[in-house]
Amino acid sequence: MTLAEQAATPRVLISPERLQERVAQLADEINRDYADTQMLSCIGVLKGSVFFMTDLLKQITVPLTVDFFQTASYGPNKTPGEVRIRKDIDLSVKGKDVLLIEDIVDTGHTLRTVLALLEFRGARSVKLCALLDKKAKREVKIEVDYYGFEVEPVFVVGYGLDDAELFRNLPYIGVVDN
Ligand code: 5GP
């Protein structure tokens, strides 16, 4: 491996083993909380949540459906707070118990927008599950019901999270050191 390639390899922040251990704990919690639920609507926010969501849902024992939103920020400067729905969900959420699955909660604007939409459409209940929570960066009040790890306000990649579309396939959460 060249020096340039080594420099480009993100430093490990959360190892694959710690991720898998925590995902299993979250699945246990969710299985307990939804034990009496007939059907759980699981909705991921593309693309970052996909790796986490598939690992998590394989361990959920409640009957469930899978759906996705894709969001984006408006404008060339990606104005925070202005969230656009790029891809809508396919299934109705009216009267459903929804588990919204996100990779990381940062300012909270994305989840607040999606939450408002789910409530507007008549979901019976909505709970949030995020792998990572950057609490220090929060701009809007968002209650995360299940989260894997709290992280410092640094830019993280891997396990679904990208840097200009790269690094999603890393099996760990890492930091790109400049
Ligand atoms: P929020 O609306 O909470 O500010 O932002 C949430 C979205 O911003 C996440 O779903 C993710 O796509 C992106 N994001 C926030 N922090 C990070 C980070 O540290 N790394 C990466 N790759 N994406 C992030």
Side-chain angles (χ1 to χ4, degrees), residues 5 7-16 18-20 22-23 26-27 30 41-57 66-90 93 98-121 123 126-178:
E5 281 168 337
T9 304
R11 173 170 57 85
V12 178
L13 193 64
I14 307 171
S15 69
R18 282 182 69 206
L19 285 171
Q20 294 311 320
R22 188 70 188 117
V23 169
L26 289 174
I30 293 166
S41 300
C42 298
I43 301 178
V45 184
L46 291 171
K47 304 177 192 172
S49 68
V50 167
F51 287 64
F52 169 49
M53 185 170 177
T54 53
D55 281 349
L56 179 75
L57 295 192
V66 172
D67 211 343
F68 295 99
F69 274 117
Q70 187 165 17
T71 60
S73 296
Y74 277 112
N77 300 325
K78 303 203 164 180
T79 321
E82 290 192 70
V83 178
R84 181 164 64 89
I85 303 294
R86 186 184 276 166
K87 184 220 172 286
D88 203 348
I89 45 176
D90 296 325
V93 290
V98 175
L99 183 65
L100 188 57
I101 301 168
E102 177 63 303
D103 49 3
I104 184 165
V105 191
D106 188 13
T107 63
H109 288 293
T110 303
L111 281 187
R112 186 188 56 175
T113 304
V114 172
L115 261 177
L117 189 55
L118 292 169
E119 279 161 12
F120 174 75
R121 290 181 178 169
V126 184
K127 282 194 180 184
L128 301 180
C129 176
L131 177 66
L132 306 174
D133 195 346
K134 249 192 225 177
K135 287 188 179 157
K137 293 281 296 292
R138 200 73 98 252
E139 290 176 11
V140 291
K141 200 169 180 296
I142 285 281
E143 194 72 34
V144 182
D145 300 281
Y146 309 97
Y147 73 89
F149 302 89
E150 184 174 342
V151 286
E152 299 297 311
V154 291
F155 191 79
V156 292
V157 296
Y159 198 52
L161 288 148
D162 75 312
D163 183 3
E165 295 299 329
L166 287 179
F167 301 129
R168 291 195 197 276
N169 61 324
L170 292 179
Y172 61 90
I173 296 291
V175 183
V176 184
D177 292 314
N178 293 312

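Heads up: numbering here begins at 1 and tracks the sequence. Whatever order the structure lists ligands and atoms in, that order sets their numbers, starting from 1. As the structure is a computational prediction, the values presented were derived from the model and not from experiment.
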Those atoms of ligand 1 less than 4.0 Å from some heavy atom in [X]:
X      : value
Thr110 : 1 (P), 2 (O), 5 (O), 6 (C)
Leu161 : 21 (C), 22 (N), 23 (N)
Glu102 : 10 (O)

ask   = Crowded around Glu152 CD? As in, over 12 foreign heavy atoms under 6.0 Å?
value = no
Using modelled atom types and a 3.5 Å cut-off, is there a donor and acceptor pairing between side-chain atoms of [X] and backbone atoms of [Y]?
X      : Y      : result
Arg138 : Asp106 : yes
Lys87  : Phe68  : yes
Lys134 : Thr107 : no

Would you check the N or O atoms of [X], main chain and side chain alike, for any that come under 3.5 Å of an N or O of ligand 1?
X      : result
Val156 : yes
Gly108 : yes
Asp163 : no

Heavy atom of [X], distance to ligand 1 below 4.0 Å:
X      : result
Ile104 : yes
Val45  : no
Val154 : yes

Without placing hydrogens or testing angles, list every side-chain donor-acceptor pair under 3.5 Å for residues 163-174, not counting sequence neighbours.
| unit_1 | atom_1 | unit_2 | atom_2 | d |
| --- | --- | --- | --- | --- |
| Glu165 | OE1 | Lys47 | NZ | 3.2 |
| Glu165 | OE1 | Arg168 | NE | 3.3 |
| Glu165 | OE1 | Arg168 | NH2 | 3.0 |
| Glu165 | OE2 | Arg168 | NH2 | 3.2 |
| Arg168 | NH1 | Gly160 | O | 2.8 |
| Tyr172 | OH | Pro10 | O | 2.8 |

All heavy atoms of Asp145 vs all of Leu128, minimum pair found to be OD2-N, 2.7 Å
Closest non-hydrogen atoms of Val93 and Arg121, given as atom of the first, atom of the second and distance, are CG2-CB, 3.8 Å
So which protein heavy atom does [atom] come closest to, and at what separation?
atom                    : answer
atom 22 (N) of ligand 1 : Asp162 O, 2.8 Å
atom 12 (O) of ligand 1 : Asp103 OD2, 3.9 Å
atom 1 (P) of ligand 1  : Thr107 OG1, 3.3 Å

> Got a protein heavy atom sitting under 4.0 Å from atom 8 (O) of ligand 1?
Replying inline: no
Going through the distances and angles, do Asp133 and Phe149 end up as a side chain to side chain contact (heavy atoms under 4.5 Å, CB included)?
CA-CA 6 Å; Asp133 195 346; Phe149 302 89; over 6 Å; no
### Query
Heavy atom under 4.0 Å from ligand 1: found in Lys137's side chain, backbone, both, or neither?
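It is neither; nothing of Lys137 touches ligand 1.
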query: Is it the side chain (CB and beyond), the backbone, both or neither of Lys134 that lies under 4.0 Å from ligand 1, heavy atoms counted?
result: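 Side chain only; the backbone of Lys134 stays clear of ligand 1.
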Identify each donor-acceptor pair in which a side-chain atom of residues 48-56 lies under 3.5 Å from a protein atom, sequence neighbours left out, and give them as a table.
| unit_1 | atom_1 | unit_2 | atom_2 | d |
| --- | --- | --- | --- | --- |
| Ser49 | OG | Val45 | N | 3.2 |
| Ser49 | OG | Val45 | O | 2.8 |
| Thr54 | OG1 | Val50 | O | 3.1 |
| Thr54 | OG1 | Phe51 | O | 3.1 |
| Asp55 | OD2 | Gln20 | NE2 | 3.1 |
| Asp55 | OD2 | Tyr159 | OH | 2.6 |

Within the 4.5 Å heavy-atom criterion, are Val83 and Val114 side-chain neighbours or not?
no
